[in-house]
Number of protein chains: 2
Amino acid sequence: MVLAHMWRHRFKGDVFRWTLTRKAILDLLSSTLKHMSAQEIYDTLLKSYPGIGLSTIYRNLDLLSRMGLVNRLNIGEGKSRYEYRSSEEKAHHHLICTNCGKIIDYSDFLDEELDLVGKIEKKLARKYNFIVKDHNIDFCGLCKDCR
Amino acid sequence: MVLAHMWRHRFKGDVFRWTLTRKAILDLLSSTLKHMSAQEIYDTLLKSYPGIGLSTIYRNLDLLSRMGLVNRLNIGEGKSRYEYRSSEEKAHHHLICTNCGKIIDYSDFLDEELDLVGKIEKKLARKYNFIVKDHNIDFCGLCKDCR
DNA sequence: GTTATTAATGAAAATGATTGTCATTATGAT
DNA sequence: ATCATAATGACAATCATTTTCATTAATAAC
Ligand SMILES: [Mn+2]
Ligand SMILES: [Mn+2]
Ligand SMILES: [Zn+2]
Ligand SMILES: [Zn+2]
């Protein structure tokens with residue numbers, strides 16, 4: 001598979017090793033639209049990988065997000081959720097339903113957003129001497145089922 | 001004090017009562033630029049209010065944020081931080097230093113932002129049938145001390 | 001392929017933030 | 001002043017996440 005090659009390549013020559021668990025997590029996250037918690041990822045993988053440990057899931061989600069292969073997100077539930085970070089796709093943002101917790105990805109208006117974001121970043125760099133690495137935009141409200 | 005009048009008015013006629021701890025939390029948060037954790041608020045208030053309880057702080061921060069007098073924010077530290085939500089002031093966003101954790105408020109570009117955000121909200125309502133109540137925009141990066 | 005090095009793992013304990021329980025106290029209405 | 005009950009503080013419980021440590025597995029050298 002083409003993705004697996006790319007992942008493996010990211011580990012090549014590094015101190016980190018390419019392991020079954022790392023592949024399993026990336027396989028799972030890259031094949032779902034869900035934004036899964038560590039526990040959900042664990043529960044899912046346990047079916048195909050009996051004996052896998054929850055702490056290993058945590059350790060690897062941390063590593064993969066530091067490597068930029070996975071995004072960690074935080075919608076104020078008291079726990080993190082994770083999603084695969086495609087290298088090709090443009091970044092996307094989130095619609096979060098405050099009633100049922102549903103998370104909808106959206107990437108509409110990205111051109112205008114990127115334009116504005118670029119301008120803001122320049123201004124922030126000048127005014128606050130701050131180097132922007134990344135940004136988050138999300139909208140909270142009520143989804144079609146909860147409105 | 002004028003703020004205390006307003007706060008008290010928000011409690012009038014409600015099932016909720018106006019208590020010393022609630023005033024103490026609002027006094028503290030409305031007089032600082034910091035974004036404080038529950039523990040930090042507790043540690044600070046303990047000096048002037050001996051015998052106050054940490055769980056009371058948590059309960060009240062929850063109530064005050066549900067009432068809209070306080071914002072709860074989450075910058076991926078594994079705990080929430082709180083700030084006073086002024087009714088007059090326009091909303092602001094955050095610059096978050098990923099190295100030292102510093103949080104800088106900014107409200108530059110708000111007009112352009114609001115404009116774009118308004119357009120996005122309309123589109124989202126149409127496309128996803130989603131009612132937007134609020135939005136968050138924050139930038140992560142390195143502050144002037146950490147760059 | 002065998003061996004050696006050491007990163008990665010699973011189990012269990014530890015931690016840290018937050019929430020729940022319950023007897024006591026304080027607020028606001030009468 | 002009295003009453004009904006919301007709010008409180010102490011402490012236990014819960015939940016997500018991290019740490020510890022003995023064992024296993026991935027990689028590089030032979
Ligand atoms: Mn997403
Ligand atoms: Mn702020
Ligand atoms: Zn919903
Ligand atoms: Zn910094």
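Keep in mind the model is a prediction, meaning the values are calculated, not measured. Order of the sequence lines sets the chain letters (A, B, ...), proteins ahead of strands, with each chain counted from 1.
Computed from coordinates, the B/Tyr58 OH to D/dC11 C1' distance equals 15 Å when rounded to whole Å. Between B/Arg81 atom CZ and C/dA17 atom C1' the separation is 12 Å, expressed in whole Å. To the nearest angstrom, P of C/dA17 lies 10 Å from CG of B/Leu54. The CE atom of B/Met67 sits 15 Å away from the P atom of D/dA6 (whole-angstrom rounding). Following rounding to the nearest Å, A/Glu77 (CD) and D/dC15 (P) show an atom-to-atom distance of 15 Å. Between A/Ile57 atom CD1 and D/dA16 atom C1' the separation is 15 Å, expressed in whole Å. In this structure, the CG atom of B/Leu63 is 13 Å from the P atom of C/dT19, given to the nearest Å.
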Hey, what are the protein-to-nucleotides 19-21 of chain D N/O distances that come in under 3.5 Å?
unit_1: D/dT20; atom_1: O4; unit_2: A/Arg59; atom_2: NH1; d: 3.3

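A heavy-atom distance below 4.0 Å to DNA chain D is reached by none of the residues of residues 23-42 of chain B.
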Counting primed atoms plus P, OP1 and OP2 as sugar-phosphate and everything else as base, spell out the protein contacts along nucleotides 22-30 of chain D at 4.0 Å heavy-atom distance: B, S or - for each nucleotide, 5' to 3'.
---BBS---

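Residues A/Ile131 and B/Ile75 are members of separate hydrophobic clusters, defined by side-chain heavy-atom contacts under 4.5 angstrom among Ile, Leu, Val, Met, Phe, Trp and Tyr. With hydrophobic clusters built from ILVMFWY side chains whose heavy atoms lie under 4.5 angstrom apart, B/Leu142 does not share a cluster with A/Ile120. Under the 4.5 Å side-chain heavy-atom criterion for ILVMFWY residues, a single connected hydrophobic cluster contains both A/Leu20 and A/Leu28.
Two rings, from A/His135 and B/His93, have their centers 6.0 Å or more apart.
In terms of heavy atoms, A/Cys100 sits closest to A/Cys143 at SG-SG, 3.9 Å.
Taking 4.0 angstrom as the limit, A/Ser80 places a side-chain polar atom (N or O) nearer than this to OP1 or OP2 of D/dT17.
For A/Arg22 (side chain) and A/Trp7 (main-chain N/O), no donor-acceptor pair under 3.5 Å exists by modelled atom type. Panel note: side chain A/Asn60, backbone A/Thr56; a donor-acceptor pair is recorded below 3.5 Å.
Between the side chains of B/His35 and B/Asn71, no donor N or O sits under 3.5 Å from an acceptor N or O. Remark: the B/Asn74 side chain and the B/Arg81 side chain contain no N/O donor-acceptor pair separated by less than 3.5 Å.
Within 4.0 Å (heavy atoms only), A/Asn60 reaches sugar-phosphate atoms of the nucleic acid but no base atom.
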